[in-house]
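Read the structure below first, then the notes.
Proteins get letters first, then strands, A, B, ... in listed order; numbering begins at 1 in each. Keep in mind that this is a model prediction, so the values were computed, not measured.
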Number of protein chains: 2
Amino acid sequence: MMEKSRKTTLSEVAVAANVSPITVSRALRSPEKVSAEARERITRAIADLGYVPDPAARALASGRTDVVGVLIPSVSNNVFSDVLHGIYDGIADSTLSVQLGTTGYSPLAEERLIRVFLSQRPSGLIVAGHEQSPAARRLLAEANCPVVQIMEIGPQPIDLAVGLSHFDGARAATAHLLDRGYRAPAFLGAQMDPRSQRRLAGFREGIRLAGRDGPDRVVTTPEPSSVSLGCRLLADLLARHPEADAVLCNNDDLALGVLFEAMRRNLPVPDRLGICGFNDLEMMAAAQPPLSSIATDRHGMGRMAVHLIRQRHGGTGPARGHALDLGFALRARESTAGRRG
Amino acid sequence: MMEKSRKTTLSEVAVAANVSPITVSRALRSPEKVSAEARERITRAIADLGYVPDPAARALASGRTDVVGVLIPSVSNNVFSDVLHGIYDGIADSTLSVQLGTTGYSPLAEERLIRVFLSQRPSGLIVAGHEQSPAARRLLAEANCPVVQIMEIGPQPIDLAVGLSHFDGARAATAHLLDRGYRAPAFLGAQMDPRSQRRLAGFREGIRLAGRDGPDRVVTTPEPSSVSLGCRLLADLLARHPEADAVLCNNDDLALGVLFEAMRRNLPVPDRLGICGFNDLEMMAAAQPPLSSIATDRHGMGRMAVHLIRQRHGGTGPARGHALDLGFALRARESTAGRRG
DNA sequence: ATCGTGCATGACAGCGCTGTCATCCGTCAA
DNA sequence: TTGACGGATGACAGCGCTGTCATGCACGAT
């Protein structure tokens, strides 16, 4: 049953290269500590034998792994897959590898995964958001590896944070809508996770700052976001607030759905209805009319998170408690060109 | 520098539970071999001490890991993130974990990653596609763990395969377009990976079977797929083949771009231009007009791949060489309702 | 000639766990 | 009562690698 497919070991390489095992180990970990000739022989022996180090043995012996743990709510969400992409780009030229865990937006699952990840003594941990359970926060605070919270920047990072202010982004978008002459902007939200909550708060703040005292035009649902949900949310909104003349959507999927629903209802965009999304996925600019959105640098967040971890290992980089704001950019396109008439 | 954040070990649990270490190990691996009382004490001790097993030590001692290696070209592609989602759902109720590697469509990177993954003695390997380099194929064939090729079913799987025939899917879509009265269907393709090539071949076969001898209306590009690329490809197509009255798109992103570009050009869909995508992402049904597509069960592929690996470990499941066809479904929607007039 | 210094290398032990075999004990058939 | 048997538990060694020290050597300073 347990057929041993003979793995070449470090010792076998050592024999072939006529050095001791420890020298082979050094040639791999810190080549500069090994003489050029020895290194040469070892390199050849490794190639000849097709040797690949055993990460488990290395981890056990050294007490550390080259693994970066990544905790995100879900992989089937454009936002997180962009972040993940950035993370992979960040580790590309290193020996690091990624251990991905998905929490499904459950704090309990998150806590469990943190425990599992920490048991592997990772090189670093990247977690999405700032809403860890108290126990999870404690675990992370006591972890002896860099911990980077991504997606948003909060008041006090556990260790490091990279993200943006979703509140500010939504407020800017709201100001933009008002600026363009929309008089009754609404907010549509799905999957109301903490970041969505913050966007909603930013929307309300934007309305408040403009001195509008009208009704609170907000339609949200805990359902996961999707394009078809965008269609339904617009229908809901118009049923409840027929006067709404612009929507700030929690994310771009909803915005696309809103666009399609508006087309079905012959509501001219942007003349009768302004539409603004959040994240600025690639499709937004290609839509007809092109859809406005708040651009966020998701790829950069992932890459930067890895960068911070690597800096920390190099002894440089920002100190504990540093939050890096990657900001956002308002991409004003035709879908929010303003009311006509 | 190297502060030892004291990890509780299995031996400490053993002391606390007043049993030998090996019994604790057994209580974790195969609880039925341990008496109820001992199990009870051990469980409590584990909880009290917050013990988490060290996977590296376990891997080293047992010669295996509970890791499933997953090799996909890219994470920032809806198709693969759906598959990944399925994989995570597949392992949800097990002790398995996922090790993800992205090849960026490079056979060399793939080969390297296969080597790295195999060095961890994984419980299984899931690789996208059938186009491994000869060396990679050999590695996989000799791996002593189940290997599942996903995305498509080919002539001879290395071990197991789960997927669908992209050729048949595209042929069915082409037949559908012709069926609905479109006389000059074209094919638009981006990121012409092997699966896209197969779809193109299926398109041509569909045309051939219908006895059309017209020009080969095909526009492809090696660029990665995107919505805006769909816009550009339609522009290209119309410049070269103004008579084209329907497009089969390599994937749904392109189809969406085509729809937007058609709107910009005031080409009525489906009257003047039929549009069909591939994969049937959620947005297709929500579009206006709703877009036809070939539905593929990407989530199911991931789940099934894991299922096969778990079956194999249980000693059941299909034998080496089995290819599981998950099929496809033509979702005919308004975007291919046919020419008018 | 003597010593210290720095570099390249090696010996040794052990990381935390599990495979293998051995041991122990209670139970039941003869 | 005896022996066989099976279930529960334990002792031992070792997985492949690296941390820690120790060693050997060539070199220049004294």
Nearest-angstrom distance from the residue atom CG of B:Asn18 to P of D:dA8: 18 Å

Under 4.0 angstrom between B:Ser62 side-chain N/O and C:dT18 OP1 or OP2: no

Audit row: B:Arg64, B:Ser62, side chain to side chain donor-acceptor pair (under 3.5 Å) steps and yes/no: CA-CA 5 Å; B:Arg64 15 173 262 93; B:Ser62 70; 4.7 Å; no

Donor-acceptor list for residues 26-33 of chain A side chains, cut-off 3.5 Å, not counting sequence neighbours:
none

Value in whole Å for how far the P atom of D:dG16 lies from OH of A:Tyr51: 10 Å

Test: A:Glu37 and A:Arg41 ion pair at under 4.0 Å: no

Between P of C:dC17 and CZ of B:Arg58, the distance in whole Å: 8 Å

Bending between helix ends of the helix from C:dA1-D:dT30 to C:dA30-D:dT1 [5 pairs per end, 10° resolution]: 40°

Whole-Å distance separating the CZ atom of B:Arg64 from the P atom of C:dT18: 10 Å

Any donor-acceptor N or O pair under 3.5 Å, side chains A:Thr95, A:Asp66: yes

Out of C:dC17, D:dT18, C:dA11, whichever nucleotide has its closest atom nearest the side chain of B:Thr9: C:dC17

Integer-rounded Å distance: C:dC15 P and A:Leu60 CG: 9 Å

Distance in Å, B:Phe117 CZ paired with B:Gln99 CD, rounded so as to fall on 0.5 Å steps: 4.5 Å

Spacing of B:Asp66 atom CG relative to C:dC17 atom P, expressed in whole Å: 14 Å

Shortest non-hydrogen separation from A:Asp297 to A:Leu326 and the atoms involved: O-CD2, 4.1 Å

A:Asp54 CG to C:dC15 P, straight-line distance once rounded to whole Å: 18 Å

Sorted by number, the residues of residues 21-50 of chain B with heavy-atom contact under 4.0 Å to DNA chain C: B:Ile22, B:Ser25, B:Arg29

Atom of A:Val127, atom of A:Gln132 and distance for their closest heavy-atom approach: CG2-NE2, 3.6 Å

